[in-house]
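Inspection log for the structure reproduced underneath, given as structure tokens.
The model shown is predicted, which means the values in this text are computed figures rather than measured ones. For ligands, and for the atoms within them, numbers begin at 1 and follow the listed sequence.
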Amino acid sequence: MSLLIKNGRIITASGDQVADILVEGETIVAIGRNLPAGNARVIDASGLLVFPGGIDPHVHLDMPFMGTFSSDSYETGTRAALHGGTTMVIDFILQKQGDSLRHALEEWSARADGTAVGDYSFHMAVTDFNEETKKEIKGFVDEEGITSFKTFMAYKGALMIDDRQMVGLMEEVKRCGGLVTVHATNGDMIDYLIAKHRAEGKLAPLYHYLSQPEVTEAEASERFAAMSRYTGCPGYIVHLTCEGALNAVREAAKCNQHVFVETCIQYLLLDASLYEKDFEGAKWVMSPPLREKKDQETLWAGINQGLVNVVATDHCPFMWEQKLMGREDFSKIPNGHPAIEHRFELLFSEGVQGGRISLNRFVEVACTNPAKIFGMFPRKGTLGIGSDADIVLLDPNEEHTLSAKTHHMNVDYSAYEGRAVKGKVKTVILRGQVAIDNGECHLKKGYGQFIKRSKVTDHI
Ligand SMILES: NC(=O)NCCC(=O)O
Ligand SMILES: [Zn+2]
Ligand SMILES: [Zn+2]
């Protein structure tokens with residue numbers, strides 16, 4: 001099937017032009033003025049912005065975590081993502097401590113294969129690095145197209161690895177041509193503070209926040225950057241939230257290191273005052289927690305300074321019933337919040353319409369950098385001849401309000417209830433197929449493809 005998208009304002013990380021895009025099958029074959037339609041279905045994009053499909057490289061779908069599962073499946077999560085202009089996500093496989101990486105891959109593939117509506121890939125989370133795990137890394141990079149390895153410096157006793165394992169993993173990942181990503185907070189310090197608050201009977205969601213002060217993130221980010229510098233392994237810090245942690249990266253950048261930074265939409269827009277709402281604060285219990293207004297300013301500036309490379313979501317939704325598991329004890333509230341559907345529009349509304357970032361910068365952090373850093377560019381993350389036809393048409397002037405009553409995520413509350421947004425995704429195309437049009441999804445469960453990624457050494 002052919003598609004001709006006519007007269008849209010096409011925005012890439014470096015371009016801005018009014019033109020047409022011709023799609024044949026799954027691929028963009030021409031971009032120019034007054035392209036002939038031939039037999040193609042014509043989509044009029046006059047007055048609309050035309051972006052590459054959004055890529056959210058940090059989501060948790062159907063994930064076993066804290067005694068329950070995140071509530072969006074690959075079907076509901078990727079469909080909701082498409083509604084909001086995100087055509088591809090990268091999820092996390094979690095190795096069980098004492099078990100193999102391969103086994104975890106099989107378990108995750110069984111949940112995702114044939115169910116995703118949008119495209120997806122996996123990061124491999126290494127929670128137990130040993131001689132056996134070490135032997136598996138090369139096969140993931142060379143054969144599976146899974147080239148990024150996630151680590152946790154927190155969640156002590158569950159997912160956390162120590163520095164000995166981190167350095168060993170980094171050496172092996174560098175040798176194989178991959179990238180190590182990290183949840184960078186000091187797990188021992190947090191473990192101590194959680195125990196202290198519980199012993200003092202301080203059990204409300206507010207104490208989740210007070211158990212993870214800024215210093216826990218700044219210290220771990222600095223330590224991670226030092227280990228990345230020593231081993232020469234490219235690093236990527238996920239969900240960075242605060243000034244102290246970004247300053248650690250600023251120092252690392254002076255050494256010309258590859259330490260990439262991701263923040264998430266919630267850390268740009270929401271702040272820790274939400275934890276003062278008694279148990280309702282559980283809606284925003286996530287790790288790291290929301291921070292202060294001054295951190296939001298630092299993160300927006302970090303985007304413009306090129307220090308913050310990616311804006312993701314860390315989408316990890318739980319039903320209110322699941323959040324109630326921590327009614328009597330903040331440490332039992334499943335960590336995470338729902339956002340996969342809203343990242344693209346919120347970043348456009350608050351970032352571009354709010355005058356904080358340019359249109360090109362918007363595309364860079366929401367589409368292009370995730371594709372480049374994770375080895376999918378230029379197939380994904382841009383609008384170019386030969387790229388996958390993953391295309392978003394957005395009306396910059398349409399205003400709407402976010403609500404659990406209208407969202408498509410499988411979760412019964414909205415972390416952004418009542419929030420006004422200026423800019424609405426109207427049409428989404430995924431690999432040449434119209435996925436979303438006027439609020440309706442036209443793709444079936446199983447259309448989403450697993451996307452193999454290239455070695456990091458091929459593109460850094
Ligand atoms: N972030 C969060 O609170 N939940 C998901 C797991 C993680 O990314 O740490
Ligand atoms: Zn994390
Ligand atoms: Zn996460």
Taking the basic N atoms (NZ, or NE/NH1/NH2) and the acidic carboxylate oxygens, is any pair closer than 4.0 Å for Lys283 and Glu417?
no
Check this for me, if you would: do Arg102 and Glu106 make a salt bridge, where the nitrogen-to-carboxylate-oxygen distance has to be below 4.0 angstrom?
no
OD1 (Asp314) to the Zn ion (ligand 3) to NE2 (His58), nearest 10°, is 90°
For the Zn ion (ligand 2), the nearest N/O/S atom on His239 is atom NE2
Atoms of ligand 1 under 4.0 Å from any heavy atom of His183, numbered from 1 in the order shown, are 9 (O)
- Kindly confirm whether the Zn ion (ligand 3) is within less than 2.8 Å of some N/O/S atom in His183? no
Quick note on ligand 1: atoms under 4.0 Å from a heavy atom of His60 include exactly 5 (C), 6 (C), 7 (C), 8 (O)
Per-atom filter on ligand 1: closer than 4.0 angstrom to a heavy atom of Met286 are 3 (O)
Query raised in the report: Just by modelled atom types, is the Ile55 backbone N or O under 3.5 Å from a matching donor or acceptor in the Arg343 side chain?
Result: yes
May I ask whether Tyr155 places a heavy atom under 4.0 Å from ligand 1?
yes
Query raised in the report: Does Glu171 pair with Arg175 as a salt bridge, N-O distance under 4.0 Å?
Result: no
Under 4.0 Å from one or more heavy atoms of His239, ligand 1 contributes atoms 8 (O), 9 (O)
Review point. Is the NZ atom of Lys96 crowded by more than 12 outside heavy atoms at less than 6.0 Å?
Key: no
A student comparing Leu94, Asn335, Asp314 should find that the heavy atom closest to atom 8 (O) of ligand 1 comes from Asp314
Just to check, does His58 reach to within less than 4.0 Å of ligand 1 when the distance is taken from its heavy atoms? yes
From the list His60, Arg111, Met63, side-chain contact (heavy atoms from CB on, under 4.5 Å) with Phe69 holds only for Arg111
_Any side-chain to backbone donor/acceptor pair from Gln97 onto Asp128? Under 3.5 Å, distance only._
no
Atom 3 (O) of ligand 1: closest protein heavy atom, distance to 0.1 Å, is Ser287 N, 2.8 Å
Ion pair present between Lys294 and Glu243, side-chain N to carboxylate O less than 4.0 angstrom? yes
